Amino acid sequence: MADRLSIRPMNFFDQYPRFYQTSRTSPWPRRLNARHTAIIARNAEALRGRRVIDIASHDGRWTFAALHAGAAHVVGIEPRAELIANARESLTHYGVSPDRYELRQGDVFDVLDGSLHADVVLCLGFYYHTIRHAELLDRIERTGAHLVVIDTEVAPISDAAAGLDDPRLVYANPHVIQLLQDPVDDQRMACADALTRNGRTLVGRPSREAIRFMAAHFGFELDSYSWQAHFERRPADAEDMIDYFEGWRDTLYLTR
Ligand SMILES: C[S@@+](CC[C@H](N)C(=O)[O-])C[C@H]1O[C@@H](n2cnc3c(N)ncnc32)[C@H](O)[C@@H]1O
C-alpha cells in the first residue's frame, strides 16, 4: 500500500482505478474523488489509528480509502455477495493486509447487534435506503463511535428552524422524512427485507433537520461539508454531482 503521505486527496481514486470498474453505482472519477475529499481527507486525523465500521460497504471503496488514510481496522457491512467479492479482490489487489479489515455479508440491522464497537462509523449512500433511521442511529450510538459520517440524499424542504425546541411541533415542522420505494434487485438500492412487497421495499429520505433532530436525540452534534464552497473551487465537479449541487444530497458529520 502506498505511503499515507502520498495521498493526493482531490484525485485519490485515480491511483486506485479498480474502483471505477467494480461498481455500477455512480463510479465516476470526479464524483468519487470529490466525495473522498469530504468523507476521508476532511477526517484523516479522526480516522488515523481508529476502528471503523463502513455501513453499506459496497465494492470496498470507502473501506479501502479509510484504511489508506490510516484507520487501524475496518469492518465493512454489505448484503450483496458480488459486491463483497469485488471488495475482497480490490483490497487484496492493492496489498491491504487481511488482518486490517473484515467484510461481513448481511443486513446492517442484523450485523449491528450490539457486539460491534468502533471509534468512527461511515454511513455512506445508505441513510435514504432505509425506513429505520432512528433505529440505525440508536445502533450506531451503541458502537461507541465519537464520529459518524452520513453521506445521504436529503429531502429538499425548507429547513426553517421554527420551533426546534418543541418536540411535539405540528405546523412548519422541518423534521420530515419523505416516503419512497426501492427496487430490491438494483445494487444501488435497499436489499430485500421484511417490508418487501412485489420487489420493492419502503425507504425514506430525511430532511437535514430531521437528521439533526435525531442526531441530537442520541447525543450527537451535527456539522456538514460545504459543497457550495467546493463547487466554487472546482466547478467541473458539479457535472457529476447534481444531487449535491442542487442541495438534495449532503455529507454530514455527527460528533459527540
Ligand atoms: C448507493 S450504494 C452506496 C455505496 C457506497 N457506500 C457509497 O456511498 O459509495 C447503497 C449500498 O447499500 C447496500 N445496502 C442495501 N441495503 C442494505 C442493508 N440493509 N444493510 C447494509 N447495506 C445495504 C447496497 O447493497 C449498496 O451497496
Side-chain angles (χ1 to χ4, degrees), residues 12-13 16 18-40 42-43 52-67 74-88 90-91 101-113 116 118 120-133 135-140 143 148-154 180-196 199-205 225 227 240-241 243-244 248-253:
F12 175 79
F13 285 105
Y16 304 101
R18 282 180 68 97
F19 294 104
Y20 298 149
Q21 309 293 333
T22 53
S23 163
R24 295 187 300 280
T25 307
S26 310
W28 310 308
R30 272 193 301 225
R31 184 178 174 95
L32 282 183
N33 288 320
R35 292 181 72 208
H36 181 274
T37 305
I39 291 166
I40 301 293
R42 189 262 189 199
N43 296 307
V52 177
I53 294 172
D54 179 11
I55 294 172
S57 52
H58 204 66
D59 63 348
R61 48 176 69 152
W62 303 115
T63 295
F64 175 76
L67 288 167
V74 182
V75 176
I77 304 171
E78 168 58 52
R80 295 189 159 95
E82 74 277 13
L83 289 167
I84 291 271
N86 291 357
R88 204 178 302 286
S90 288
L91 269 65
Y101 65 90
E102 187 186 343
L103 298 171
R104 294 207 192 173
Q105 188 185 343
D107 185 320
V108 64
F109 291 100
D110 296 327
V111 178
L112 273 194
D113 61 359
L116 273 184
V120 179
V121 171
L122 304 177
C123 181
L124 311 173
F126 179 69
Y127 208 54
Y128 59 106
H129 292 306
T130 183
I131 196 71
R132 299 162 74 180
H133 305 90
E135 186 183 349
L136 184 55
L137 274 189
D138 170 54
R139 290 176 188 231
I140 288 172
T143 67
V148 185
V149 183
I150 299 184
D151 180 270
T152 182
E153 288 186 8
V154 288
L180 303 160
Q181 289 178 310
D182 266 6
V184 297
D185 61 357
D186 183 329
Q187 72 154 226
R188 295 169 298 181
M189 304 286 174
C191 66
D193 61 9
L195 303 178
T196 303
R200 291 172 186 264
T201 193
L202 284 171
V203 300
R205 182 191 290 124
Y225 186 68
W227 282 108
D240 289 333
M241 307 189 78
D243 41 2
Y244 296 88
W248 47 278
R249 184 162 179 141
D250 218 340
T251 308
L252 306 168
Y253 312 113

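A quick note: this is a predicted structure, and the numbers were derived from the prediction, not measured. Nothing fancy with the numbering, it's 1 onward along the sequence. Order of appearance sets the numbers: ligands from 1, and atoms from 1 within every ligand.
Residue contact check: His58 has heavy atoms under 4.0 Å from atoms 4 (C), 5 (C), 26 (C), 27 (O) of ligand 1. Close contacts of ligand 1 with Arg35, meaning ligand atoms under 4.0 Å from a residue heavy atom, involve 7 (C), 8 (O), 9 (O). The atoms of ligand 1 that sit less than 4.0 Å from any heavy atom of Arg188 are 1 (C), 2 (S), 10 (C). Those atoms of ligand 1 that come under 4.0 Å of a heavy atom in Ala190, given as number and element, are 15 (C), 16 (N).
No part of Asp193 comes within 4.0 Å of ligand 1, judged by heavy-atom distances. Only the side chain of Trp62 comes within 4.0 Å of ligand 1, judged by heavy-atom distances. Within the 4.0 Å heavy-atom criterion, the part of Gln187 lying near ligand 1 is the backbone and not the side chain.
With sequence neighbours left out, Tyr127 forms a ring-ring contact (aromatic ring centres under 6.0 Å, His included) with His133.
Asp151 does not count as a contact of ligand 1, since none of its heavy atoms falls under 4.0 Å from the ligand.
Within the 3.5 Å criterion, the main-chain N or O of Trp28 finds no donor-acceptor partner in the side chain of Asp240. Under the 3.5 Å distance criterion, the side-chain polar atoms of Arg80 are matched with a main-chain donor or acceptor of Asp186.
When each of Arg61, Gln187, Arg188 is tested with Thr25 by the rule side chain to side chain donor-acceptor pair (under 3.5 Å), just one qualifies, namely Gln187.
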